[in-house]
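Everything on this sheet refers to the single structure shown next.
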Amino acid sequence: MSTESPAKPRDFIREIVDEDLRAGRYQTVITRFPPEPNGYLHIGHAKSICLNFGVAGEFGGWCNLRYDDTNPTKEDVEYVDAIEEDVRWLGFSWKEHRHASDYFDQLYEWAEHLITHGKAYVDSLSAEEMREYRGTLTEPGKESPYRNRSAEENLDLFRRMKAGEFPDGAHVLRAKIDMASPNINMRDPVLYRIRHDHHHRTGDKWCIYPMYDYAHPPSDAIEHVTHSICTLEYEDHRPLYDWVIENLPVPSRPHQYEFARLNLNYTVMSKRKLLRLVEEKHVNGWDDPRMPTIAGLRRRGYTPASIREFAERVGVAKRENIIDVALLEYCVRDDLNRTANRVMGVLDPLRVVIENYPEGESEELSTPNNPEDESAGVRSVPFSRVLYIEREDFMEDPPKKFFRLAPGREVRLRSAYFITCTSVVKDESGNVVELRATYDPATRGGDSPDGRKPKATLHWVSAAHAIDCEVRLYDRLFKVEAPDAGEDFLAHLNPDSLRVVPSAKLEPSVRGAHPQSRYQFERLGYFCVDPDSTSEKLVFNRTATLKDAWAKMK
RNA sequence: UGGGGAGUCGCCAAGUGGUAAGGCAUCGGUCUUUGGAGCCGACAUUCGGUGGUUCGAAUCCACCCUCCCCAGCCA
């Protein structure tokens with residue numbers, strides 16, 4: 001973790017941390033990122049990761065990675081590895097790698113402490129009865145008939161729960177707080193439940209498992225976490241968090257703070273819904289490039305820096321928010337514009353024959369890898385008599401604002417020559433199948449000695465040298481801004497969220513590119529090599545389009 | 001109708017009694033060997049509403065309105 005001096009506070013969390021440090025309440029800031037291993041991390045988690053690791057780093061402290069693995073029935077090791085990879089990929093390193101389950105022994109001992117001190121009791125109400133006793137939002141709850149068992153009886157029962165003498169649901173351990181509390185979380189919340197289940201880390205050692213509300217505060221205290229940052233829905237739980245800390249002989253005094261989770265339009269973010277997309281195969285797995293998961297964004301071609309930048313721009317506050325995905329897209333474009341090398345590729349090829357270019361010949365033309373970054377150098381691209389240009393870049397009868405190729409018109413081929421369309425070849429049904437053109441040898445490299453300035457510059461590829469690649473064009477997964485709004489979010493799936501171009505024509509320099517390599521296909525967008533690529537055929541994912549002023553005019 | 005939060009531009013978000021930052025989006029213009037990028041400019045007389053305090057209020061007070069969260073042996 002870095003040791004740079006504290007940055008000036010940029011949000012209320014950092015303000016609190018800054019003030020706590022200034023007041024000497026803590027010497028070191030310690031945070032934790034506590035995912036439950038029951039699904040993949042998504043962009044919302046990225047915000048939390050950037051916050052927790054970011055704050056700790058900025059103030060010279062550290063952040064622990066701690067799995068909240070207190071519910072064996074929902075959790076799986078498959079997710080553990082994915083989570084670690086994602087956090088690391090985002091560019092963060094944790095100090096300690098822990099699991100709530102590391103503390104099960106201590107947590108159990110402290111539960112007995114609560115019992116001994118008359119702060120917890122074993123309840124034997126059924127789940128339904130307990131719900132009835134809990135009361136409602138407007139009416140207080142009733143005390144369980146088991147609430148006043150003696151400490152001895154409670155201890156005996158609790159030990160027998162642990163020993164496996166009872167079936168699931170027979171008893172629970174509850175905190176003895178206040179059944180009439182206006183805060184439902186304080187109406188004797190459950191601390192432990194019986195679960196005869198195999199835990200992915202502790203195996204069959206336990207058949208009672210602590211609840212989040214009981215496990216989290218002491219886990220923070222054991223790790224000396226100072227600022228336990230979570231999302232708004234836990235605000236109501238803070239009094240319980242404090243109660244647990246105050247009633248246990250824990251080694252430190254952490255505090256909980258809540259911020260608003262990230263929401264994005266045109267997507268869904270709940271783990272339940274994401275899981276459904278995966279299980280019902282509406283997408284091809286958790287890392288499908290259309291998913292808002294970190295794995296999906298990675299495969300889509302997003303850079304860690306762009307996601308960190310996004311988290312920064314989005315801010316941290318307590319206000320409910322729905323961020324426009326356009327901001328996320330802006331962040332990748334901004335990063336990739338500066339870092340991705342350019343390459344030419346034609347998605348929808350239209351053949352162009354340069355009639356005055358010698359047959360069977362070719363030449364190499366030099367072109368910059370990245371006009372935004374001279375240090376990226378240059379490469380050469382082959383030019384010859386037969387080329388492909390984008391079908392979209394030609395119109396037989398162009399409207400006023402269309403500056404691209406048309407019969408009789410001269411345009412520049414990027415880094416190559418000016419060409420003039422001389423005729424159009426059509427098939428029987430009238431479709432344009434080929435263009436005939438002439439080139440001006442004096443314009444080699446793309447400049448005319450006489451100062452002629454064509455209105456358009458097109459990307460192109462030499463037919464004989466082009467390599468065939470599969471290109472996957474992604475669009476937003478949902479057609480509507482708030483797919484979450486109605487009852488069936490699947491009804492809003494965008495049927496055109498994936499369009500496959502089986503054989504796009506790419507310039508030969510991309511041959512052999514490794515998965516995750518990112519490029520800008522000039523005038524088209526940013527693309528990233530997909531792991532589905534083989535030595536036979538490269539597969540590219542479109543990360544984001546380039547803004548296309550003409551497309552907008554149409 | 002209990003409790004906990006939140007309401008500043010289309011979307012985020014600063015602002016902490018002294019006269020509304022910034023970003024994204026949008027719209028103009030400029031430039032351009034990517035109609036990309038860049039550059040320049042426009043974009044809240046107004047801060048959920050109404051009263052009040054004050055020389056002065058988005059900021060303080062009162063009342064009201066709207067939205068979100070909580071009745072899992074989930075996290």
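Note that this is a predicted model, so its numbers are computed, not measured. Chain letters run A, B, ... following the sequence lines, proteins first, then strands; residues in each count from 1.
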* **Presence of donor-acceptor pair under 3.5 Å, side chain of A:Glu372 and base of B:rG36** => yes
* Asked: With ring centroids as reference points, do A:Phe521 and A:His459 lie under 6.0 angstrom apart?
  -> no
* Ignoring backbone atoms, test whether A:Thr70 places a side-chain nitrogen or oxygen under 4.0 Å from the OP1 or OP2 oxygen of B:rA75. => yes
* To do: Under 4.0 Å between any heavy atoms, over every strand shown, what does A:Ile322 touch: base, sugar-phosphate, or nothing? Just pick one.
  => sugar-phosphate
* To do: Select base, sugar-phosphate, or nothing to describe what A:Phe259 touches, counting heavy atoms under 4.0 Å on all strands.
  => nothing
* To do: Would you please confirm or rule out a distance under 4.0 Å between OP1 or OP2 of B:rG35 and any side-chain N or O of A:Arg523?
  => yes
* Asked: Looking across every strand, which nucleic acid part, if any, lies under 4.0 Å from A:Lys547 by heavy atom: base, sugar-phosphate, or nothing?
  -> sugar-phosphate
* **P atoms of B:rG5 and B:rC73, separation to the nearest Å** => 23 Å
* Look at A:Arg338 and B:rA37 and indicate whether a side-chain polar atom (N or O) is within less than 4.0 Å of OP1 or OP2. => no
* Asked: How is A:His237 classified with respect to the nucleic acid when contacts are heavy atoms under 4.0 Å: base, sugar-phosphate, or nothing?
  -> base
* **Whole-Å C1' distance, B:rG4 and B:rU53** => 29 Å
* Rounded to the nearest Å, what distance is computed from the CG atom of residue A:Asp11 to the C1' atom of nucleotide B:rG22? -> 15 Å
* Any ion pair linking A:Glu312 and A:Lys47 (charged N to carboxylate O, less than 4.0 Å)? -> no
* To do: Considering only atom P, compute the distance from B:rC43 to B:rG22 and round it to an integer number of Å.
  => 11 Å
* Asked: NA contact type, A:Met186, heavy-atom cut-off 4.0 Å: base, sugar-phosphate, or nothing?
  -> nothing
* **Per A:Asp324 side chain, nearest of listed nucleotides B:rC74, B:rG10, B:rG35** => B:rG10
* Asked: So what does A:Val314 hit on the nucleic acid, given a heavy-atom distance under 4.0 Å: a base, only sugar-phosphate, or nothing?
  -> sugar-phosphate
* Kindly say if A:Arg134 contacts the phosphate of B:rC73, meaning a side-chain N or O under 4.0 Å from OP1 or OP2. => yes
* To do: Scan A:Thr136 against the nucleic acid and name what it touches under 4.0 Å (heavy atoms): base, sugar-phosphate only, or nothing.
  => base
* **B:rC24 - base-pair partner by Watson-Crick or wobble geometry, distances under 3.5 Å** => B:rG10
* Can you tell me if the side-chain N/O atoms of A:Arg195 get under 4.0 Å from OP1 or OP2 in B:rC74? -> yes
* Structure fact -> note: A:Leu262, atom CG; B:rC12, atom P; distance rounded to Å ~ 11 Å
* Apply ring pair (Phe, Tyr, Trp, His ring centres under 6.0 Å) to the pair A:Tyr40 and A:Tyr79, showing each step before the final yes or no. => CA-CA 6 Å; A:Tyr40 277 62; A:Tyr79 301 120; 5.8 Å; yes
* Between A:Phe489 and A:Lys273, is there a cation-pi geometry (under 6.0 Å to ring centre, at most 45° from the normal)? -> yes
* Asked: A:Asp236 near the nucleic acid: base, sugar-phosphate alone, or nothing, with a heavy-atom cut-off under 4.0 Å?
  -> base
* From the options B:rA71, B:rA75, B:rG35, select the nucleotide whose nearest atom is closest to the side chain of A:Ile184. => B:rA71
* Asked: Which value, in whole Å, describes the distance between the P atoms of nucleotides B:rG10 and B:rU16?
  -> 23 Å
* How are the rings of A:His237 and A:Tyr212 set to each other: parallel, tilted or perpendicular (split at 30° and 60°)? -> perpendicular
* Roughly, in whole Å, what's the span from CG in A:Leu524 to C1' in B:rA37? -> 15 Å
* Contact class for A:Lys401 (heavy atom, under 4.0 Å): base, sugar-phosphate, or nothing? -> base
* Asked: Would one find a side-chain N or O of A:Tyr330 under 4.0 angstrom from OP1 or OP2 of B:rC24?
  -> yes
* Asked: Within less than 4.0 Å of OP1 or OP2 of B:rC11, is there a side-chain N or O belonging to A:Arg313?
  -> no
* Checking all strands, does A:Ile208 fall into the base, sugar-phosphate, or nothing category for heavy-atom contacts under 4.0 angstrom? -> nothing
* Structure fact -> Between CZ of A:Arg193 and P of B:rC73 the distance, given in whole Å, is 9 Å
* Glycosidic class, syn or anti, of B:rG72 using a 90° window around 0 -> syn
* Asked: Could one point to a donor on the side chain of A:Asp548 or the base of B:rG35 with an acceptor on the other under 3.5 Å away?
  -> no
* Distance, P atom - from B:rG49 to B:rC11, rounded to whole angstrom -> 15 Å
* **Selection from B:rA75, B:rA37, B:rG2 that lies nearest to any side-chain heavy atom of A:Leu137** => B:rG2
* Asked: Hey, is the side chain of A:Arg131 poking within less than 4.0 Å of OP1 or OP2 on B:rA71, counting only N and O atoms?
  -> no
* Asked: Taking a pair as Watson-Crick or G-U wobble with both distances under 3.5 Å, which nucleotide is matched to B:rA58?
  -> none
* To do: Indicate, with a heavy-atom threshold strictly under 4.0 Å, whether A:Gln520 touches base, sugar-phosphate, or nothing.
  => base
* At under 4.0 Å between heavy atoms, what does A:Ala127 touch on the DNA or RNA strands: base, sugar-phosphate, or nothing? -> base
* Asked: Which nucleotide in the set B:rC70, B:rG35, B:rA13 lies at the smallest distance from any side-chain heavy atom of A:Phe403?
  -> B:rG35
* Between A:Tyr67 and A:Glu84, a side-chain donor and acceptor under 3.5 Å -> yes
* Pairwise C1' distance, B:rC67 and B:rC55 [rounded to whole Å] -> 37 Å
* Taking C-beta and beyond as the side chain, do A:Arg261 and A:Glu233 meet within less than 4.5 Å on heavy atoms? -> yes
* Asked: Rounded to whole angstrom units, what separation is found between the CD1 atom of A:Ile389 and the C1' atom of B:rG35?
  -> 15 Å
* Structure fact -> If pairing means Watson-Crick or G-U wobble with both distances under 3.5 Å, then the partner of B:rC67 is B:rG5
* Asked: Can you tell which of B:rA14, B:rA75, B:rG35 lies closest to the side chain of A:Thr457?
  -> B:rG35
* Taking the side chain of A:Thr138 as heavy atoms from C-beta outward, which of B:rU1, B:rC27, B:rG7 is closest to it? -> B:rU1
* Asked: Does the side chain of A:Tyr257 pick up a donor-acceptor pair with the side chain of A:Arg238 at under 3.5 Å?
  -> no
* **Interatomic distance at P, B:rC9 relative to B:rU50, whole Å** => 16 Å
* Under the side-chain hydrogen bond (donor to acceptor under 3.5 Å, both in side chains) test, which residues partner A:Thr420, sequence neighbours left out? -> none
* Do any side-chain nitrogens or oxygens of A:Lys318 fall under 4.0 Å of OP1 or OP2 in B:rG7? -> no
* Quiz item: A:Arg404 side-chain donor-acceptor pair to B:rG35 base, under 3.5 Å -> yes
* Asked: Which part of the nucleic acid, if any, lies within contact of A:Asn337, taking any heavy atom under 4.0 Å across all strands shown: a base, the sugar-phosphate backbone alone, or nothing?
  -> base
* **Atom of A:Gly345, atom of A:Leu524 and distance for their closest heavy-atom approach** => O-CD1, 3.4 Å
* **Given B:rG4, B:rG15, B:rC74, the nucleotide with the shortest approach to the side chain of A:Glu15** => B:rG15
* With a 4.0 Å cut-off on heavy atoms, is A:Val316 in touch with a base, just the backbone sugar-phosphate, or nothing at all? -> sugar-phosphate
* Asked: A:Asn185 has an atom CG; how far is it from atom P of B:rC74, in whole Å?
  -> 14 Å
* When you compare B:rG38 with B:rG7, how far apart are their P atoms, in angstrom units rounded to a whole number? -> 32 Å
* No-H, no-angle donor-acceptor pair, A:Tyr234 side chain to B:rA75 base, under 3.5 Å -> yes
